[in-house]
Number of protein chains: 2
Amino acid sequence: MWVTSKEPAPRLRKSPEQVRSAVHQAVIDLLSDPEGADLTIPAVAQRAGVNHTSVYRRWGSREALLADVVVTRLERDWPLADTGSLRGDLTAWAEAGVASIRTAEGRLLIRAVALSMPGSATAQGERAQQFQRRLGAIERIRERAVTRGEVPPPLDQILDQLVAPLYLRAIFGIDPPASGYPELLVDRLLGGTGASRPG
Amino acid sequence: MWVTSKEPAPRLRKSPEQVRSAVHQAVIDLLSDPEGADLTIPAVAQRAGVNHTSVYRRWGSREALLADVVVTRLERDWPLADTGSLRGDLTAWAEAGVASIRTAEGRLLIRAVALSMPGSATAQGERAQQFQRRLGAIERIRERAVTRGEVPPPLDQILDQLVAPLYLRAIFGIDPPASGYPELLVDRLLGGTGASRPG
DNA sequence: CTCCTTAAGCACAGATCTGTGCGTACGGCA
DNA sequence: TGCCGTACGCACAGATCTGTGCTTAAGGAG
């Protein structure tokens, strides 16, 4: 009894880059697509068309994988602009954020920033630290402003009035006002028209 | 070969209320205590000294259990005050929030509000809706203000300037400024001293 | 072309989670 | 006191996740 085409199954193998790309996309898909798919490593691997051991060995854990995807995509989709002024930089940053929030993927990524942090209370310092890294863009904006001779608001205030609204809306899926939102936030932060100019 | 004390193991059983209480506390403990304990139902049950089937049958899923704990505790720890004025109500609400944020348990609960939502993008509407329920306090504060003849800021603005900073700090474990923070937030929202008085 | 390092795929197994059926303790009620 | 519904604990089992050892394909260096 012969089985036709008994070739030993070409076993086509993906290159490391293909694996990386496919797995990343699979994570996004699983976060987006089904209702409450629980983003397990076998599920990701299957969706990516990759053996699950490849994922286990490369990333080690679900947390690490998620963090990798989030950092990679967010740094690509929510970049740091350099417009030459504090107000311009903050507005550009907020605009990029609003644009991200308006896409399903963007909301998922920002939300995952909160989820991907180590979940314990003991690790609260870690979480703050990781988040601070994500806030590197804000810090650099402030530093550039100082170099220029501008006086930026303290980080706490930027957190409260610019970062927090964007993150809250992303996490809970609340649409931002239809138009002028980035400018509105920056105006509230810096004052009506241009209050942050040096003396 | 006789085994000494062959009594059939008294099989001491907890009452439903004891189970509920022990399980709730176990969830809090597991969220707080270890590094990255993953809050599985067996783990919760073991920590609570309860059979895991009890948890499965009563709550059904990890998500439902977490949501139950969060709602119960938050409504207890972050209540809604009635001070007789919009400014007073908002300040009291913010003060309660800051107090919660300063405790490890409070941060965990608020953070869990975000985590306990159904994780899919499709269910974004649901998440917003659930969050809106948590915002019932804010809505009631606004309604009472309107009844009094005051003109409260739109919900969006309260979200941006009062709710978002508190939630962001809770989720990412960023300590609020040492003193005067609730008043600071409310002042930014309503204006320096008492701008929300009716005409 | 050959060697060599890297990493993907396969087979297999232990651990853990999830869920079901059954017996029975507890509290309320007549 | 006896009956009865609720729901807790136990035993057991299927599914799924997590991880290991091995083989082998792919790409670069000499």
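Naming: A, B, ... by sequence-line order, numbering from 1 per chain.
- Computed from coordinates, the A:Ile41 CD1 to D:dT18 P distance equals 6 Å when rounded to whole Å.
- Dashed line: the shortest gap from a side-chain N or O of A:Ser54 to OP1 or OP2 of C:dG9 is under 4.0 Å.
- The aromatic rings of A:His24 and A:Trp59 sit tilted relative to each other, their planes meeting at an angle between 30° and 60°.
- Taking the nucleotide of DNA chain D with the nearest heavy atom to each of B:Glu17 and B:His52, the more 5' of the two is matched to B:Glu17.
- Going from atom CD of A:Gln18 over to atom C1' of D:dG27 covers 13 Å, rounded to whole Å.
- Put simply, OH on A:Tyr56 is 16 Å from C1' on C:dC10, counting in whole angstrom units.
- Within the 4.5 Å cutoff, no side-chain heavy atoms of A:Leu109 are placed close to those of A:Ser100.
- Under a 4.0 Å N-O distance rule, the pair A:Asp68/A:Arg58 does not qualify as a salt bridge.
- Ion pairing between a basic and an acidic side chain is recognised when a charged N comes within 4.0 Å of a carboxylate O; B:Asp187 and B:Arg87 show such pairing.
- Checking D:dT18, D:dG9, D:dT20 against every side-chain atom of B:Thr53, the shortest atom distance belongs to D:dG9.
- If you check C:dC10, C:dC17, D:dC17 against the side chain of B:Pro42, the one that comes closest is C:dC17.
- Note on B:Ser15: every side-chain N or O is 4.0 Å or more away from OP1 and OP2 of C:dC26.
- B:Tyr181 and A:Asp160 share a donor-acceptor pair across their side chains, judged by distance under 3.5 Å alone.
- Considering only side-chain atoms of B:Asn51, the nucleotide from C:dC17, D:dT20, D:dC10 that sits closest is D:dC10.
- Spacing between atom CD of B:Glu63 and atom C1' of C:dT18 amounts to 15 Å, rounded to whole angstrom units.
- The side chain of B:Lys14 lies closest to D:dG9 when the candidates are D:dG9, C:dA8, C:dC17.
- Distances were taken from every side-chain heavy atom of B:Pro16 (C-beta onward) to each of D:dA7, C:dG19, D:dC17; the shortest belongs to D:dA7.
- Listed candidates were C:dC17, C:dT18, C:dA8. Nearest to the side chain of A:Val19 is C:dA8.
- Counting to the nearest Å, the P atom of D:dT18 and the CG atom of A:Leu65 are 12 Å from each other.
- On a pure distance criterion of 3.5 Å, no polar donor-acceptor pair joins the side chain of B:Arg58 and the base of C:dG19.
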